[in-house]
There are 2 protein chains.
Amino acid sequence: MSTAKRNTWQKDAVMHALTEAKGFVSAQQLHLVLKQHGSTIGLATVYRALTELVSLGKADSLQSNEGETLYRDCSTHHHHHLICENCGVTIEIEAEAAEAWASKVAKEHGFTQVTHTIDIFGLCKACSK
Amino acid sequence: MSTAKRNTWQKDAVMHALTEAKGFVSAQQLHLVLKQHGSTIGLATVYRALTELVSLGKADSLQSNEGETLYRDCSTHHHHHLICENCGVTIEIEAEAAEAWASKVAKEHGFTQVTHTIDIFGLCKACSK
DNA sequence: TTGTTATTGATATTCATTATCAATAACACT
DNA sequence: AGTGTTATTGATAATGAATATCAATAACAA
């Protein structure tokens with residue numbers, strides 16, 4: 001009984017916008033982009049759609065050091081990021097070793113439904129000089 | 001020239017309170033505890049002290065899934081956490097393998113001043129059943 | 001003791017995210 | 001196609017963590 005989900009063009013729009021955006025985006029940024037493309041979608045709806053996408057596993061999120069929640073399309077494969085704290089560039093990195101290590105450690109302690117956060121921050125080559 | 005740091009009882013108080021608190025605490029929680037112990041310290045000062053402790057490497061922080069920044073005493077050695085999303089218990093884990101991997105990946109991409117976030121979330125043994 | 005100035009604390013402000021609620025539209029069923 | 005139910009939307013108010021402001025205070029070098 002029950003909470004049957006409905007399909008709306010708004011949800012599709014957010015999904016598309018998220019797929020278009022390479023790398024991480026904030027809800028506010030997505031909302032801005034959508035409006036710039038002529039959409040009349042509301043900010044609250046963008047937040048709701050993103051929350052749903054995360055719970056469906058179609059997107060993942062992380063907290064920026066400015067306190068914003070950033071979202072990213074996750075329909076492809078699982079990977080992690082190398083993020084420049086100065087210019088914001090993000091590089092996707094494979095992390096099979098870290099993956100394996102994380103799930104091993106979790107299992108050793110009897111944890112289930114394990115997820116993890118593995119992100120590396122620093123200054124990229126260009127910003128280092 | 002300048003910016004000479006000064007020692008104050010407020011900074012000590014925050015440091016002590018943080019050491020007392022086992023596990024992660026928010027700035028607001030620390031402030032509350034301090035006031036309950038009769039301190040007249042201000043909330044803004046607690047935030048400032050915590051920020052300084054983090055930059056000195058005496059504390060580390062992570063974002064709760066409710067969007068709060070949580071702090072933890074880190075005067076011992078570097079380590080990471082296994083966190084139960086249900087009951088909040090945190091288990092310290094050694095992560096030498098992950099450490100090495102993280103700095104190796106970062107260097108390969110020319111990154112400097114590298115820090116990382118490695119946290120594992122899930123349901124602990126007790127909360128899993 | 002004194003002068004300089006980093007620090008404090010009360011509070012206003014910022015800003016991301018959530019709650020509210022009337023209006024709208026998805027969709028199951030005729 | 002028409003209709004009723006109700007999930008969803010969107011404008012906006014509300015929440016709440018974190019930061020900025022600024023006069024008053026206190027650390028500390030001389």
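Just so you know, these numbers use all the heavy atoms, side chains as well, and skip hydrogens, waters and symmetry mates. Letters go in sequence order (proteins before strands), and every chain restarts at 1.
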Query raised in the report: Rounded to whole angstrom units, what separation is found between the CZ atom of R6(A) and the C1' atom of dT5(D)?
Result: 7 Å

**Report entry** Path from M15(A) to V25(A) over hydrophobic side-chain contacts below 4.5 Å
**Finding:** yes

Report task. Of all the heavy-atom pairs spanning L43(A) and A27(A), show the shortest one and how long it is. Result -> CD1-O, 4.4 Å

Report task. Would you please confirm or rule out a distance under 4.0 Å between OP1 or OP2 of dG10(D) and any side-chain N or O of Q10(A)? Result -> yes

Requested in this report: Name the nucleic acid region contacted by S26(B), choosing base, sugar-phosphate or nothing; use a 4.0 angstrom heavy-atom cut-off, strictly under.
Outcome: nothing

Report task. Check whether any side-chain N or O of T45(B) sits under 4.0 Å from OP1 or OP2 of dT7(C), and answer yes or no. Result -> no

Query - Atom pair distance, as rounded to whole Å: CD in E52(B) and P in dA6(C) - result: 13 Å

Report summary line: Atom CG of L43(A) and atom C1' of dA14(D) are separated, to the nearest Å, by 14 Å

Requested in this report: Answer yes or no: does a side-chain N or O of T8(A) lie under 4.0 Å from OP1 or OP2 of dT8(D)?
Outcome: no

Query - Side-chain heavy atoms of H81(B) within contact of F121(B), under 4.5 Å - result: no

Query raised in the report: Do I118(B) and W101(A) have side chains that get closer than 4.5 Å, going by heavy atoms?
Result: yes

Requested in this report: Hey, which sits more toward the 5' end of DNA chain C by its nearest nucleotide, N7(A) or A44(A)?
Outcome: A44(A)

Query raised in the report: Separation of K35(A) atom NZ from dA11(D) atom C1', in whole Å?
Result: 10 Å

Query - Distance, rounded to the nearest Å, where Q28(B) contributes CD and dT15(D) contributes C1' - result: 12 Å

Query raised in the report: Looking across every strand, which nucleic acid part, if any, lies under 4.0 Å from I41(A) by heavy atom: base, sugar-phosphate, or nothing?
Result: sugar-phosphate

Query raised in the report: Any idea which of dT17(C), dC28(D), dT19(D) is nearest the Y47(B) side chain?
Result: dT19(D)

Query - Residue met sooner reading DNA chain D from 5', once G42(A) and T51(B) are mapped to nucleotides - result: G42(A)

Query raised in the report: Linking I/L/V/M/F/W/Y whenever their side-chain heavy atoms sit closer than 4.5 Å, directly or via other members, would F24(B) and L50(B) fall into one cluster?
Result: no

Query raised in the report: Side-chain donor or acceptor of R48(B) under 3.5 Å from a matching atom on the base of dT7(C)?
Result: no

Query raised in the report: With a 4.5 Å heavy-atom cut-off, do K5(A) and E52(A) have their side chains touching?
Result: yes

Query raised in the report: Is it true that K104(A) and E108(A) make a salt bridge, defined as a side-chain N closer than 4.0 Å to a carboxylate O?
Result: yes

Query raised in the report: Distance check: side-chain N/O of K11(B) vs OP1/OP2 of dT7(C), anything under 4.0 Å?
Result: yes

Requested in this report: Rounded to 10°, tell me the angle between the two end axes of the helix from dT1(C)-dA30(D) to dT30(C)-dA1(D), each built from five pairs.
Outcome: 40°

Report task. Find the distance D12(B):CG to dT7(C):C1' and express it as a whole number of Å. Result -> 14 Å

Report summary line: L70(B) CG to dG16(D) C1', in whole Å, measures 15 Å

Query raised in the report: Between dC15(C) atom P and H31(A) atom NE2, what is the distance in whole Å?
Result: 17 Å

Query raised in the report: Between H31(B) (side chain) and T45(B) (backbone), is there a donor-acceptor pair under 3.5 Å?
Result: no

